[in-house]
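The model shown is predicted, which means the values in this text are computed figures rather than measured ones.
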Amino acid sequence: MNGKSELHKNFAKVWDNLPGWGNLAAVNHTSISQRFMLTGVIFFLVGILLAMLIRSQLALPGQTLITADLYSQVFTMHGTIMMFLFAIPVLEGAAMYLIPKMIGTRDLVFPRLSALGYYCYLFGGLILLSSLVLGIAPNSGWFMYTPLSSDDYSAGAGSDFWLLGVTFVEISAVSAGIELTVSILRTRAPGMSLSKMPIFCWYILAMALMIVFGFPPLILASILLELERAAQMPFFDPNAGGDPILWQHLFWLFGHPEVYIIFLPAAGMVSTILPVFAGRPLVGYRWVVLSVIITGFISFGLWVHHMFTVGIPHLAQAFFSVASMLVAIPTGIQIFVWLTTLWVGRVRFELPMLWIFGFLFIFVCGGLTGVMLALVPFDWQVHDTHFVVAHFHYVLIGGMFFPLIAALYYWLPHFSGRMPSMRMGRWAFGLVFVGFNSTFLIMHLTGLLGMPRRVFTYESGLGWDWLNLSSSIGGFVLAIGILMLVLDVTLHFRYGRKASSNPWQADTLEWATGMPPVSYNFASIPEVKSRHPLWDDPSLINSIPAGEHGLKSIKHGRRELYGTDAISGKLKEVIHIPSHSWWPLICAATLAGLCISLVSKAYMVGIFFAILGLGFFLRWSWENGTHKTMAPLTDEEASRGEPPLHSRTFDGPGLWGMCVTLLADGTLYLSLLFGWLYLWTVSPNKTLPDVSAISPVLMGLSGALLTIAVTLYRRLNRYLRREQEKSLAKWLWLVSACGMGHVGLLAFITVSSDLQFTTNAYDAVLLVMLAFLLFHSIISVITTTLQALRVSYDYISTKLSYEIVVMSPMWLFTLVIFWLSFASFLILPTIWEAK
């Protein structure tokens, strides 16, 4: 027992957060995820308050509780909060909390990125909410359709708050997507192959990749609209060759996958919880995995589902109508799997199951109305009515909120070591279930009777009076149920009865981390041989904390994880991750300063914060690899008895993180390319210049220098893999010199080209394209220059070339987007117009 206590004391010294204010520097996934979830709940309560204002205003005809403008602000902020500040961050927080514990590891693979993501989320949310407090909140709807959100119709800073705040929050979401993807693929416990992975991990992997591919179009759209508002660049102005419909395409390229980004984690919770209370494994594990993957793919082909009334061709309407109905097939597979698992099991009707049954009823109803809306003639009739409002509340609240509360009650003992109260939990469920259906079931009829969305009042005698009053009463019942839920959870932490070890008799590893879990999750990492480790070997609950498995040494003082093969789960390396740090908070605060400067039109101050932020990020990046605060070289490494540290290899998590980041970056670029091709081919007032303002010759020379730099860098990589190269610094300086030449020439082209970017949408897109290329080239050159400097500190050498390997995909990506831009933006239009 003393040995065990000593082991845990040593682990706690390395893994515990700093005391007091030092907690702000925490990077531990348990702490960061709890902050995500708690902050999301606070934003959710604000959103509920705004919803009650909406329902109060609509309860009776001719109400004057709030003005039309304030109603628009409240409506916009309610949708924005629920979609951007509650649903996705809370689900990401739950995933960040559970995934390491489920896959048998101690933390997420990029813990400081998690901390940065949280602070970006917090500051972005506060920026958005501050606009409401100041009375200048956005009022164009949470979808910000142009031209209503453009400067002509939304003067003032309201739209700017939305665009910059949401973009700030999107950085958080994408960082979480990258973090979760790499962690699931590369840090599972030894032996946990993809086929043995907990089903929840498949859902989260799909969600994370959907975030990586789904969020960049909205980030681009927000940047373009902010540039239109701030610099008069007419991307969405048809008088200058732009098109407001382009905003809808970019928004819904994000917006419809987002529905499934929200649904899949919640469905994963159902697939995890339901077998536990059925007392048997999930029926059709492989079918569920296949349905999750298919759902992710199909969801990216549905965005025009929201645009049937904008005048798109009939063939496109037919295609997207069919795709919208097809997505019901993989969803139906999951529902039948859940019902079959219940049918063949011996169900224990505990409190979480009550919420799951509520989910099944409500979500099926929402799915049926979704199929109705997929039919184009029906959609034409009810588009922009309260029928649509009712539908997406059934899908989003029924498909996300009810499973989330089931998961809350299921994992509540894990947080507190106490069991939930059945009595208060049932009362909360009853009020929420009755209130929800009373609000939104009736709203379907209100929509069928023609009540449009987003109206702040209506006349009496239209047949909507009693329906709106009933919905408003139901809304307040729902709000009371949510307040009872909050009260129940709050009282639980003080008065709940003590829980036994693994109180639900669950099968996954998170129940072996303690209740509440220790900061390092596992004192030793077990080998996993099945999908149900705690059912197959219940003794793991005791043997893991006793240090009877792998990676139990902590004498080196590093935070370490096992790195395993992405498919087979075979042990490959030991990953050393950074400890607590102030850099995430400092960098996020600097980005917040940049956003506030842009909102207030203080552009010189914004430039200062941009330069300051770049400096802080580069200083942060200095602390990696064999830096003295990370994993400096020691004489004992060869005899440590474990696989090599990841910074001594060519395939560590940093390379995977870079590749996944570039997938998001590439999606952002392809969204820009889509916008260019759309304006060129579809815009109603196409005004493509006869001669491009950009010199193809100068662009070719700049591209040649970039090609030389990338060729040298990749050749250096090949030499390093063979351990042949001695003059490492000279190679890096040579690459930097070629890159600097390329950057200088590209900057000259950008400044000297006569781009009419304030009067012509095509020139505006060309300027954004040049800025995109410049940004990536500058980052590549700076990082390579820092690598050359790190050679002199012995942080990089022929045998420690991990950082150079990590940057290789970045250089290649920069080269590919340059020549693709050259072909698509300069050569292709010339050839096409010549015909």
Quiz item: Taking the side chain as C-beta and beyond, is there a heavy-atom pair between Leu225 and Thr146 under 4.5 Å?
Solution: yes
Quiz item: With side chains defined as the heavy atoms from C-beta onward, is the minimum distance between Ser222 and Trp162 less than 4.5 Å?
Solution: yes
Quiz item: How about Asp565 and Arg188: do any of their side-chain heavy atoms sit closer than 4.5 Å?
Solution: no
Quiz item: Out of curiosity, Phe822 CZ to Leu773 CG, how far, rounded to the nearest 0.5 Å?
Solution: 12.0 Å
Self-check item: Gly366 backbone acceptor or donor facing Thr369 side chain under 3.5 Å
Solution: yes
Quiz item: How many angstroms lie between atom OG1 of Thr76 and atom CZ of Phe161, to the nearest 0.5 angstrom?
Solution: 14.5 Å
Quiz item: With a 3.5 Å cut-off and no angle check, do the side chains of Tyr285 and Ser195 form a donor-acceptor pair?
Solution: no
Practice problem: For the residue pair Asp384 and Arg454, establish whether any side-chain heavy-atom pair is separated by less than 4.5 Å. | Solution: yes
Quiz item: Say you draw a straight line from CZ of Phe440 to SG of Cys365; how long is it, rounded to the nearest 0.5 Å?
Solution: 14.0 Å
Quiz item: Would a 4.5 Å heavy-atom cut-off, applied to side chains only, mark Met210 and Ser299 as touching?
Solution: yes
Quiz item: So, Ser324 versus His305: side-chain donor-acceptor pair below 3.5 Å or not?
Solution: yes
Quiz item: Any luck finding a side-chain donor-acceptor pair between Tyr260 and Thr331 under 3.5 Å?
Solution: no
Practice problem: Could you walk me through whether Ser150 and Glu228 pass side-chain hydrogen bond (donor to acceptor under 3.5 Å, both in side chains), step by step? | Solution: CA-CA 8 Å; Ser150 300; Glu228 179 173 292; 3.1 Å; yes
Quiz item: Any chance the rings of Tyr121 and Phe43 have centres within less than 6.0 Å?
Solution: yes
Self-check item: Expected output: side-chain Trp380 to main-chain Phe308 donor-acceptor under 3.5 Å
Solution: yes
Quiz item: Should Met207 and Leu180 count as side-chain neighbours, where that means a heavy-atom distance under 4.5 Å?
Solution: yes
Practice problem: On the 0 to 90° scale, with breaks at 30° and 60°, tag the Phe813-His776 ring pair as parallel, tilted or perpendicular. | Solution: tilted
Exercise. Consider only side-chain N and O atoms of Ser149 and Ser154, and report whether a donor and an acceptor are under 3.5 Å apart.
Key: no
Quiz item: Is Cys120 close to Leu116 at the side-chain level, that is, under 4.5 Å between some pair of heavy atoms?
Solution: yes
Quiz item: How many angstroms lie between SG in Cys595 and CG in Asp160, if you round to the nearest 0.5 Å?
Solution: 11.0 Å
Quiz item: Do any N or O atoms from the side chain of Glu179 and from the backbone of Phe110 form a donor-acceptor pair under 3.5 angstrom?
Solution: yes
Quiz item: So do the side chains of Thr667 and Leu220 get within less than 4.5 Å of each other, counting heavy atoms only?
Solution: no
Practice problem: Before giving the answer on ring pair (Phe, Tyr, Trp, His ring centres under 6.0 Å), spell out for Trp676 and Phe825 the whole-Å C-alpha distance, their side-chain angles and the decisive distance to 0.1 Å. | Solution: CA-CA 8 Å; Trp676 165 256; Phe825 290 85; 5.0 Å; yes
